[in-house]
Amino acid sequence: MTTTRSRPEIAPPSGTGAGTPDAADGERTRWTSPFRTLRGRATVAFTVVTTVLCSVLAVAVWFAVSQFLLVQRERVTTIQAADNAAQVQRALGTEGLTVPQVLAQLPRETGSVSLYVDDGEWVTTSLRIGRDDVPDELADRVLGGTPARQRIQVQGETVMAVGIPLDGLDEAYVEVFPLDELDNTYRVLGTVLTISIVGLVPLLLTVGWWVTGPALRPLNRIAAAAESIAEGHLSTRIDPGRDPSLIPIASSFNRTAAALEARVRADARFAADVSHELRSPLTAMLGALDLVEVTAHDLPPEGREGLAVLRSEVLRFERLVADLLEISRADAGNADLVVEEVRLAALVQESLTRRRLAGRETAAPHVETDASEVVIHADKRRLERVLGNLMDNADKHGGGLTGVTVARGDETACVLVDDAGPGVPEEERQRIFDRFARGSGSIRTRTEGSGLGLALVARHVQAMGGSVTVGPSPSGGSRFCVELPLRPGP
Amino acid sequence: MGRLPDVARSVLIIEDDPRIRRILQMTLQREGLDVVEAESGEAGLERLGERDFDVVLLDLMLPGKDGFEVCREVRRSSNVPIIMVTARADSHDVVAGLEAGADDYVSKPFVAKVLSARIRALARRTRAPEPRVRIAVADLEIAPREGTVTRDGEPVSLTRTEFRLLCELAEEPGRVLSREELLERVWGYDYFGDSRLVDVHVRRLRKKVEQDPSQPTVVTTVRGMGYRIPA
């Protein structure tokens, strides 16, 4: 039998928790989208701002580079065209070659086309580009004696036409240069920039997440401190360290926490003091009762009955004072929590033995096979109190104890206490752990309990890092489930 | 071991509340105990100087010299069993009282019968004769009948409870005695004992019998189980 997945047949009660009232809600809402957290939002904001800035920068770079390349290209083509024009002039003047021959001899870069015009007569080196492709505007300016340059569209491609006037009237040389290489450069540059920016986003998100962690650590510390106070560690304070921005918030947090702690401790101390003051008279009363009872046989029957009432009430009062003192001590903090290794099954057995010795009927404990050796870290005294109170509760309110089970989960060990009572109605499963909560069902019995038993159970279990819940027992009555962590708490 | 009926055990009650003192006196007297009262720590110390008692019942909250101080002062000259009476069952008070030298405690409100049972348990065991004559443990020699412990011939001063604790552990060397067993054997609790009694007494005992109390070798702790004297 494996010990990993356990508690197959032992259903924990489906009631509401007392130790951790929001446990069920917490389970449901534990996963929040990272974008809803402060850290997530900060990361996203950081990413968006940086991406926008980078995009602006990229566009600027693209414009600057393309502008620079264009200017560069214009200069090169102009020089080239001017050189070629000079050579055409020279060749036609001296060597007596025909125009096509001269043009054919010109050094030209791949894809460029030379055109020569004299007195309206156009000669071209390519069938692709002829007179019709040279805009009139350019032709007019060049023929008017001014060198000119223009980007034009030829068969869907952008080319650069550079016109240089020659010496003769109406004589000019025009060279058309391809710009496709430049276009390619633009395209590559644009693509590289776009890809860089798109690739930057995940990188920025990662870096942002990584950087905001330490940056938001002070906030996490405040959150952790608040959490710790909520869990009852009232003496938690924030150490602002050397971060000046944290000092104001830390000191106001600490002031609030100190005020809360003082208030809670004062309340608890008051209850404790009251209980202490009640102890001496109680001792005297109990002693006096003992003395009177020795001579009880001399009393008339009514006197004896009165004495019996007096005794049971004094005893009830005594328990009330003891429980009140204990709960006020629990409220005052966990200072006296003595955590040690406890063998749960053995402790349950001891508690049951005590009951038997005290003359109370007792169910035999059922120990899950993998739970017999389980050792937990707990305060033994408190745990004994928890078990004792739950068993007493079963006696007083639950029609008797029907079973005690020790089981083991993955990270918790639990003790299940079953009774034969009418069960606890759904709406009271939370309230039952409050102080002086009494069952409000039809059988509203006046019992000898202090009304603090289950409240103490909840306090003690919570102090030990566990939780206690109540739900229906498979055998009919109620089932109280005390879950305690296998590992020691922080 | 039977009671010793012919010896009326004497109890000194140090308690400032006259009503409680009176009731205690009446109750304990009815139980066959010889009761002497003292209304303050100073008066109590005076009584103790005048005669021997079997048990001292000491309230911790006293005007003037408080119970802890009285306890320490008594321990300077006497091994008489002390039961302290606390109104505060806070762990701090109980442990501090035990550290000051008390043997046991009851917390208010207590039932007189419980108190007289505690007194009897202490009185009985401090008078019980021991079966064996000499027990050697480490460099110690225990003489149960005489109630003495010596190291190299030099007497080691133990209170009666410390002595009983040492004897119980020494009688079965190597065996681990749980706190519950020790509570039963030394303090006479059948159940509901406070294991802090054992822990504090072991600590006190170690201070007296160990060469280095922080590295105990005579009385060792077996984690989660109890204490033992290694065989």
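A quick note: this is a predicted structure, and the numbers were derived from the prediction, not measured. Throughout, protein chains are lettered first and strands after them, A, B, ... in sequence-line order, and every chain is numbered starting at 1.
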(request) Let me know if A/V294 has heavy atoms under 4.5 Å from chain B in its side chain, its backbone, both or neither. (result) side chain

(message) With rounding to the nearest 0.5 angstrom, report the CG to CD distance, A/D290 to B/E31.
(response) 9.0 Å

(message) On a heavy-atom basis, which atom in B/D17 and which in A/S280 lie closest, and how many Å separate them?
(response) OD2-CB, 4.2 Å

(message) Within the supplied structure, the quantity of interest is the number of heavy atoms (other residues, nucleotides, ligands) at a distance under 6.0 Å from A/R263 CZ; does it exceed 12?
(response) no

(request) Could you tell me whether the side chain of A/R279 and the main chain of B/P109 form a donor-acceptor pair under 3.5 Å? (result) no

(message) With a 4.5 angstrom heavy-atom cut-off, is it the side chain or the backbone of A/L286 that approaches chain B, or both, or neither?
(response) side chain

(message) As a quick check of understanding, evaluate side chain to side chain contact (heavy atoms under 4.5 Å, CB included) for A/K380 and B/S195, giving each step before the final call.
(response) CA-CA 10 Å; A/K380 205 171 166 188; B/S195 60; 5.8 Å; no

(message) If I measure from the heavy atoms of chain A, does B/R30 come under 4.5 Å with its side chain, its backbone, both, or neither?
(response) side chain

(message) To check you understand the geometry: which heavy-atom pair defines the closest contact between A/A284 and B/I23, and what is its length?
(response) O-CD1, 3.3 Å

(message) Please rank B/R21, B/R223, B/R19 by heavy-atom pairs under 4.5 Å with chain A and give me the top one.
(response) B/R223

(message) Please check if the number of heavy atoms outside B/E50 that lie under 6.0 Å from its CD is greater than 12.
(response) yes

(message) Can you confirm whether more than 12 heavy atoms, excluding those of B/D212, are under 6.0 Å from its CG atom?
(response) yes

(message) Is it true that, when you exclude B/E69 itself, more than 12 heavy atoms of the residues, nucleotides or ligands shown sit nearer than 6.0 Å to its CD?
(response) yes

(request) May I ask you to check whether over 12 heavy atoms, not counting those of B/Q29, lie within 6.0 Å of atom CD? (result) yes

(request) First locate atom CG of A/L291, then atom OG1 of B/T27, and finally report the distance between them rounded to the nearest 0.5 Å. (result) 4.0 Å

